[in-house]
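Heads up: the structure comes next, in structure tokens.
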Amino acid sequence: MALMNQLVLRRLLIIVAVYFITGKAGLLLPSIAPNVTLIWLPSGIAVAVLMRWGYQCWPAIMVGAFLVDGSQSAFAHPWAYVSIAVGSTLSPFITTWILKYFKFSGKLSHIKDIALMAFAGLAGTLVAATIGVASLVSAGIFPQESASQNWLVWWAGDTMGVLLVLPTLLNFSKNKLNQLWRERGKFILSAVLTFLLQLVIFKFVPTVSAQFMLLAFLVLPMVMWVTMRFGLMGASILVLGISIIAISTAANSSGPFSHANPHQTAIELWVFMSTLSLVVLMISALRAEWDAIEQAMLSSEIKLRAVIDGALDAIVTIDENGHLQEFNPAAERIFGYTRDQVIGRPLAEVMIPPAQRHAHAVGHQKFIATGQKSIFNKRLEMNAMRADGSEFPVELTITSVDNIGLPLVTGFIRDITERKQAEQEIRSLAFFDALTGLPNRRLLQDRLEQALISSSRSLQYGAVIFIDLDNFKALNDTRGHALGDLLLIQIAARLSECVRADDTVARLGGDEFVLVLENLSEDLTQSIAQTKQLAEKIQVAINQPYYLQEIEHHHTSSIGICLFQGVEQAAQELLKRSDTAMYQAKSRGRNTFVFFDPQMQAALEKRSRIEAEMRKALVQNEFEVYYQPQVDEQSKIFGAELLIRWLQPEHGLVMPMEFIPLAEETGLIIPIGHWVLRQACEQLRVWQSRPEKQHIMLSVNVSAVQFRQAGFVDEVASLLVETGVSPSLLKLELTESTVLDNIDDTVRKMVALRAIGVRLSMDDFGTGYSSLAYLKQLPFTQVKIDKSFVNDIVEDANDAAIVQAIVAISKSLGINVIAEGVETKAQLELLMQFGCSKFQGYYFAKPAPLDAFEQFFHKTNQAE
Ligand SMILES: Nc1nc2c(ncn2[C@@H]2O[C@H](COP(=O)(O)O[C@H]3[C@@H](O)[C@H](n4cnc5c(=O)[nH]c(N)nc54)O[C@@H]3COP(=O)(O)O)[C@@H](O)[C@H]2O)c(=O)[nH]1
């Protein structure tokens with residue numbers, strides 16, 4: 001608080017001192033009227049003090065005024081000087097109040113502020129002049145007659161003080177002072193030159209009119225130049241100097257302001273000085289305005305620069321010649337050039353791929369010539385070129401700026417490489433098969449529709465080729481999906497190699513592929529021939545060996561073909577038809593191709609119906625097992641083969657050949673096969689409690705799909721454990737194709753089955769080519785001579801020889817032999833002659849339900 005008071009006190013003392021000194025200095029000037037000066041700087045100082053530091057500074061002003069005025073006459077009239085001091089304090093008060101009331105801006109950057117200052121100064125100082133002159137007249141210091149002249153000079157002097165000092169003090173800053181100080185040499189030189197010029201004009205120019213003319217044409221421009229060059233402070237000092245010279249010369253009765261009438265002198269000096277002051281102020285105001293505009297432009301330029309430099313998109317500008325004028329940091333990053341490398345170079349050469357340069361040049365020239373902006377302010381996608389010559393996709397928006405008559409074109413360029421890649425990925429996911437890269441069902445549909453339209457125009461035939469891999473599910477189930485995928489990839493590649501570039505190879509999913517052939521002949525027969533030729537080529541390609549993780553694998557396919565001409569049939573219908581033909585190929589034994597014909601459709605529908613009914617049959621127990629006896633040399637039954645039958649409520653008895661292949665294809669064979677195995681085990685358990693039937697062995701057919709299941713051995717083992725049946729009474733019949741497909745897995749499973757005591761019979765023996773080779777390797781307990789050999793054994797010496805050889809080899813390997821399909825006594829006798837001792841066939845009994853089998857068993861085995 002004490003510090004604060006000290007500060008205020010010091011400030012007040014400074015005000016008193018400055019007021020007193022400047023006042024005294026003013027009074028030292030040569031006078032036009034006694035005791036009154038034409039330049040009263042304290043009036044301006046007082047207003048500045050009140051404006052800057054507040055009304056509370058009034059006591060210092062009053063004291064300062066009292067001291068200055070009183071010191072003039074050694075304080076002979078104290079009350080007069082008190083009232084002058086009051087007037088001198090009231091005057092800046094009024095000026096300050098007016099300025100503040102009208103929201104005066106001390107920066108004086110607008111003419112209205114200068115006008116306001118002039119008005120407020122005149123108003124305030126009017127009070128000081130009036131009170132001052134009245135006080136001095138009443139004190140007898142001024143004679144009554146000179147009152148009006150003194151009043152005028154007082155008022156003029158006070159307003160000059162306001163005009164000269166107030167702007168400087170309100171805008172005073174250390175910076176400005178330093179600036180002036182730095183340039184003091186030039187300033188002093190300019191001021192001295194001006195003063196000399198003024199003195200020369202006043203002293204040596206003979207006529208007043210010439211003096212005024214030279215003042216206007218020489219001194220005034222100097223004042224203006226100093227204002228522009230050194231600012232308000234320098235100009236105020238200069239005007240002060242000029243004013244003092246003007247007053248002094250007038251007081252010495254020379255110069256243009258010297259008149260016999262001091263009133264006239266005072267008025268002219270006042271007009272002269274205030275004109276100079278106002279000129280200075282107006283120039284300062286204009287300069288301040290320009291500075292503000294310049295500053296605003298600079299800051300807007302800085303902001304614009306910041307936006308351009310901070311933009312993530314490239315911003316480039318070209319001039320009317322197509323040369324680069326702007327190249328922001330994002331452009332540097334995107335295009336791989338530095339700004340300095342490209343500014344001034346042709347845009348086309350820097351960032352437009354060669355193929356597009358001509359179009360760019362034409363477009364730009366057209367814009368320059370006509371101002372046509374058809375592609376302006378739109379998002380355009382095109383390719384751009386990096387510094388290394390690589391091309392990449394960009395999104396471009398073009399806009400133009402008419403820069404002082406020069407048409408500049410600015411491009412905002414966004415690198416959309418990632419977006420394009422993402423779009424491509426989405427497109428790929430939507431239209432291409434992820435595994436093989438082939439078109440998927442959606443794209444196939446589209447291509448097929450296009451092919452139909454094109455065929456209707458050209459009248460050329462086209463074809464839809466539906467390819468389904470044979471037993472692909474088995475490959476997946478037994479060797480895993482990874483291997484299955486590898487096969488699909490290789491097949492996709494082979495199919496693509498088989499066709500022409502404008503044909504379509506698509507993957508529908510799973511193991512289904514579709515080819516669309518276009519532009520075949522206009523003649524149906526020729527088109528069929530062309531398609532047949534391609535189907536054969538596809539078959540050959542697919543049948544070539546595959547190397548899947550170093551495993552050699554063979555695969556076949558079933559192919560359905562449907563031809564089309566024009567848009568007569570819809571794409572979906574053509575796919576359905578080729579699918580139907582493919583199923584026909586399947587039912588013809590696979591590894592073949594079939595052209596669609598309407599009967600196929602009916603067959604397919606039948607197939608679908610059977611599949612649905614089979615599923616229902618499982619649930620509703622419509623399956624039954626028949627038993628076909630297996631006998632020894634004495635025709636005694638030692639076993640039986642279980643053969644499934646389907647007692648269909650609507651169609652009666654359905655034989656296995658009518659539904660087993662379909663069950664294998666659909667995977668239904670797995671639950672069906674399990675059901676048969678369970679029937680066998682449960683029947684063996686029943687017979688175990690019947691001494692006369694305890695020895696009966698049951699043979700069960702196991703299909704390849706069933707055997708290839710990973711858990712097949714466990715399934716058999718748990719059934720045996722669950723039913724408590726001796727494993728040696730169960731015989732599993734495996735066909736040659738079952739065991740040869742994956743020999744390692746087969747051996748492992750057969751060994752495991754043998755290890756638990758289950759017997760294994762090789763079914764249909766002799767029909768394949770490798771049987772003998774594998775016979776030694778595989779742990780079979782029995783081979784079953786296929787009925788095709790037995791059938792002709794009596795008539796065909798070859799078949800007889802084969803049977804004889806099979807029996808001999810089997811015996812030498814210690815393997816049992818059973819002959820199936822024995823229908824005649826002659827066949828039986830010959831088989832016995834060859835050393836075969838076990839038989840199955842219609843000669844003994846046909847497959848029959850359990851009751852019939854048991855009756856037959858009692859009849860044969862307990863005959864004696
Ligand atoms: N996976 C499974 N397959 C099974 C099952 N049940 C049968 N099958 C398979 O169906 C094929 C046809 O069986 P089926 O119509 O029952 O024919 C069998 C016999 O009836 C027939 N046979 C027997 N003896 C003679 C004969 O003297 N002459 C003659 N023309 N046919 C005869 O042979 C069939 C038995 O053959 P096989 O299995 O090779 O011993 C059948 O081949 C089975 O593959 C089943 O449950 N699961």
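In each ligand, atom 1 is the first atom listed, and ligand 1 is the first ligand listed.
- Taking 4.5 Å as the limit, some side-chain heavy atom of Q683 sits within range of a side-chain heavy atom of L698.
- The presence of a protein heavy atom under 4.0 Å from atom 30 (N) of ligand 1 is confirmed.
- Residue-level proximity to ligand 1 for P656 is carried by the side chain, the only part with a heavy atom below 4.0 angstrom.
- Residues Q628 and F853 are not in side-chain contact: their nearest non-hydrogen atoms beyond the backbone lie 4.5 Å or more apart.
- Residue contacts with ligand 1 for Q706 are absent, since no atom lies close enough (heavy atoms, distance under 4.0 Å).
- For atom 42 (O) of ligand 1, the closest non-hydrogen atom of the protein is K787 NZ, 4.9 Å.
- Every atom of ligand 1 is numbered from 1 in the order shown, and the set under 4.0 Å from a heavy atom of S703 is 1 (N).
- Counting heavy atoms only, R645 comes closest to atom 16 (O) of ligand 1 of the residues M657, R645, K784.
- Within a 6.0 Å radius of CD in Q533, other residues, nucleotides and ligands contribute 12 heavy atoms or fewer.
- For Y626 and W646, the distance between ring centers is not under 6.0 angstrom.
- Between Q840 and ligand 1, no pair of N/O atoms sits closer than 3.5 Å.
- Set against the non-hydrogen atoms of G841, the atoms of ligand 1 under 4.0 Å away are 24 (N), 27 (O).
- Of the inter-residue distances, the one linking E658 atom CD with H651 atom NE2 reads 10.0 Å to the nearest 0.5 angstrom.
- Geometrically, ligand 1 and E820 share a nitrogen or oxygen pair separated by less than 3.5 Å.
- Ligand 1 lies nowhere less than 4.0 angstrom from a heavy atom belonging to E664.
- Distance from atom 41 (C) of ligand 1 to its nearest protein heavy atom, with residue and atom name: L643 CD2, 4.6 Å.
- The contact set between ligand 1 and E823, taken as ligand atoms under 4.0 Å from a residue heavy atom, comprises 26 (C), 27 (O), 28 (N), 29 (C), 30 (N).
- Near V676, meaning under 4.0 Å from one of its heavy atoms, ligand 1 places the atoms 46 (O).
- Outside the 6.0 Å centre-distance limit, the rings of F596 and F466 are not counted as a close aromatic pair.
- Checked for salt-bridge contact, K473 and D477 meet the test: a charged N lies under 4.0 Å from a carboxylate O.
- For atom 20 (O) of ligand 1, the nearest non-hydrogen atom of the protein is P847 CG, 3.3 Å.
- With respect to atom 24 (N) of ligand 1, the closest heavy atom belonging to the protein is Q628 NE2, 3.0 Å.
- Minimum heavy-atom separation, A752 to V713: CB-CG1, 3.8 Å.
- Short contacts between ligand 1 and M655, defined as distances under 4.0 Å to a heavy atom of the residue, involve ligand atoms 15 (O).
- For atom 47 (N) of ligand 1, the closest non-hydrogen atom on the protein side is N701 O, 3.4 Å.
- Protein heavy atom nearest atom 38 (O) of ligand 1, with residue, atom name and distance: E641 OE2, 2.8 Å.
- Between K784 and E733 there is a salt bridge, since at least one side-chain N of the basic residue sits less than 4.0 Å from a carboxylate O of the acidic one.
- With hydrogens and angles ignored, the 3.5 Å screen pairs a side-chain donor or acceptor of S587 with a backbone N or O of Y583.
- Summarising the geometry of L643 relative to P847, their closest heavy-atom pair is CD1-CG, 3.5 Å, with the distance given to 0.1 Å.
- Between the side chain of Q827 and the backbone N or O of E823 there is at least one donor-acceptor pair closer than 3.5 Å.
- Counting heavy atoms from C-beta outward, L487 and L475 have side chains that approach closer than 4.5 Å.
- Under 4.0 Å from ligand 1, not a single heavy atom of K846 appears.
- From the protein, the heavy atom lying nearest to atom 5 (C) of ligand 1 is I644 CG2, 3.7 Å.
- Looking at D579, V464, V516, L563 one by one, the single match for side-chain contact (heavy atoms from CB on, under 4.5 Å) with L574 turns out to be V464.
- Near D764, meaning under 4.0 Å from any of its heavy atoms, are these atoms of ligand 1: 39 (O).
- Scanning all protein heavy atoms for the shortest distance to atom 27 (O) of ligand 1 gives Y842 N, 2.9 Å.
- Of the N or O atoms in Y843, none lie within a sub-3.5 Å distance of an N or O in ligand 1.
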